[in-house]
2 protein chains.
Amino acid sequence: MARWQPDAPGRLAAAALDLFEEHGYENTTVIEIAERAGLTKSTFFRYFPDKREVLFGGGTMNGLLAEGIASAPPAAGPLDAVADALDALGRTFFTADRREFSRRRQAVLNAHTELREREALKRIGLTASMTEALGRRGVPDLTARVAAQLGMLAWEFAYDQWIGTGNSEGFGPLARQALAEVRAAGAMR
Amino acid sequence: MARWQPDAPGRLAAAALDLFEEHGYENTTVIEIAERAGLTKSTFFRYFPDKREVLFGGGTMNGLLAEGIASAPPAAGPLDAVADALDALGRTFFTADRREFSRRRQAVLNAHTELREREALKRIGLTASMTEALGRRGVPDLTARVAAQLGMLAWEFAYDQWIGTGNSEGFGPLARQALAEVRAAGAMR
DNA sequence: GACAGTGATGGGACTTGGTCTCATCGACCG
DNA sequence: CGGTCGATGAGACCAAGTCCCATCACTGTC
């Protein structure tokens, strides 16, 4: 028999989300999270650099975004490449079975400034990943930045929709449509 | 004679910047900052909600941005209104005499994740202010968001230039030019 | 089959950020 | 003269985060 229960980080993340929902982020201590997961504070900080990070596990999004952009057809424009990347993201991370989890997680995030702050930092990283990947396609820097920003805006838009309504549509199509709308809005005077 | 030295928050901010430059953000304790300012930890937290915030004093930017957008000529498009707002910001906050301070502050910010995180949150607030102000002008929501994002991008661009090079140009003109470039880059395929 | 190494975990001391409550004491006012 | 006000100080207290060392089942080796 295994000496330890498997997937300590996963258990910690699940326990944290439960407790944050029940008592709020700031009324939950790391010790309580660890105890609910059958672990200790030491183990918590072995897996997560700080308390916030327990809600930001899937850190491979940067790579996936970059890949998605790199593998877009050579003739594709910057925004098309971004659309492909968002699509790839949707297929890997925003699958139907994770929708409920995402919804719960996002509700907690929205409720606490400290967590929205971390989210903002993550988004900067993701935007930077997209910008760099576009740069590697030969897109001029400023254009790349604008495209990445617009892509992030479309992402937020699509994510809200994907999470929010009873909408059962996949993330990919929602993102493509959001990006089209953003592109249209960008044609203002 | 006054019982206390004047401008406690200002002295705390100045002491903090000095110490962060000398020893780094994380190697500086709040107690050290307070002592250098001739105060105590209690007083520090009376003026600043946390250690990061000591570098983010001027919190009236939101209002100024909103005003700038509101008072743009009625015929002006969203991005023109944003340009006016950035101009107003430049006249009030990014004056020549604050350039050196801004440079030092930004160097510290760039060096510490915790501080860049806070900066990201502030930017979200500023972008939201612009979006709302544009909405009050009758700009459709999505268009407003895009314009605000592009404005923020131009801001970052102009700010880097204003701070970085020996460039003695004012912030306003730099921002206008940056916004023009961003606008051009937004016309991609 | 004994034994040393490994790796995930626990335990607890310690520093610092941040909160809270109460004390202090000059200035100001009636 | 006495009372209030307002900015500050003092210190207890809690939780986040760091560090170092102990534990102990599993694993491979001789």
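All chains are named by letter (A, B, ...) in the order of the sequence lines, taking the proteins before the strands, and each is independently numbered beginning at 1.
Residue B/Lys41 places no side-chain atom within donor-acceptor reach of the base of D/dG9, judged by atom type and a 3.5 Å distance cut-off alone. The base of D/dA15 lies outside donor-acceptor range of the side chain of A/Thr29, with no N or O pair under 3.5 Å. Residue A/Ser42 places a side-chain atom within donor-acceptor reach of the base of C/dG11, judged by atom type and a 3.5 Å distance cut-off alone.
Note on B/Ile31: nothing from the nucleic acid sits closer than 4.0 angstrom, heavy atoms only.
The shortest distance between the side-chain N/O atoms of A/Tyr47 and the OP1/OP2 oxygens of C/dA8 is not below 4.0 Å. For C/dG11, the OP1/OP2 oxygens have no side-chain nitrogen or oxygen of A/Thr40 closer than 4.0 Å. Under 4.0 angstrom from either OP1 or OP2 of C/dC20 there lies no side-chain N or O belonging to B/Arg46.
Remark: C1' of C/dA13 and CZ of A/Phe45 are 15 Å apart, rounded to the nearest angstrom. Per the geometry, CZ belonging to B/Phe48 stands 18 Å off C1' belonging to C/dT19, to the nearest Å. When rounded to the nearest whole Å, the span between CZ of B/Arg118 and P of C/dG17 equals 14 Å. In this structure, the CD atom of A/Glu26 is 13 Å from the C1' atom of C/dT19, given to the nearest Å. As a whole-Å value, the separation of A/Glu114 CD from D/dG17 C1' is 13 Å. Distance NZ (B/Lys51) to P (C/dG17): 4 Å, rounded to an integer number of Å. Distance A/Leu12 CG to C/dT9 C1': 12 Å, rounded to the nearest Å. Rounding to whole angstrom units, CD of residue B/Glu53 and P of C/dG18 are separated by 10 Å.
Scanning for salt bridge (charged side-chain N to carboxylate O under 4.0 Å, His left out) contacts around B/Glu119 gives B/Arg123, with sequence neighbours left out. Partners of B/His23 according to the ring-ring contact (aromatic ring centres under 6.0 Å, His included) rule, which considers only residues two or more places apart in sequence or in another chain, do not exist here.
Counting heavy atoms of neighbouring residues, nucleotides and ligands inside a 6.0 Å radius, atom CZ of A/Arg137 exceeds 12 of them.
For A/Leu39, counting side-chain heavy atoms from C-beta on, the closest listed nucleotide (C/dT9, D/dA16, D/dG9) is C/dT9. In the set C/dG10, D/dG9, D/dG17, D/dG17 carries the atom at the smallest distance from any side-chain atom of A/Asp50.
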Report all interatomic pairs (protein N or O, nucleotide N or O of nucleotides 23-25 of chain C) with separations under 3.5 Å.
unit_1: C/dC25; atom_1: O4'; unit_2: B/Arg3; atom_2: NH2; d: 2.7
unit_1: C/dC25; atom_1: O2; unit_2: B/Arg3; atom_2: NH1; d: 2.3
unit_1: C/dC25; atom_1: O2; unit_2: B/Arg3; atom_2: NH2; d: 3.2

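Atoms NZ and CD, on B/Lys41 and B/Glu32 in that order, are 13.0 Å from each other to the nearest 0.5 Å.
A salt bridge does not link A/Lys51 with A/Glu26: every distance from a Lys NZ or Arg NE/NH1/NH2 to an Asp or Glu carboxylate oxygen is 4.0 Å or more. Salt bridge annotation for B/Glu117-A/Arg52: absent, with no cationic side-chain nitrogen under 4.0 angstrom from a carboxylate oxygen.
Using the six-membered ring where Trp is involved, B/Trp162 and B/Phe171 have ring planes that are perpendicular, over 60° apart on the 30 and 60° scheme.
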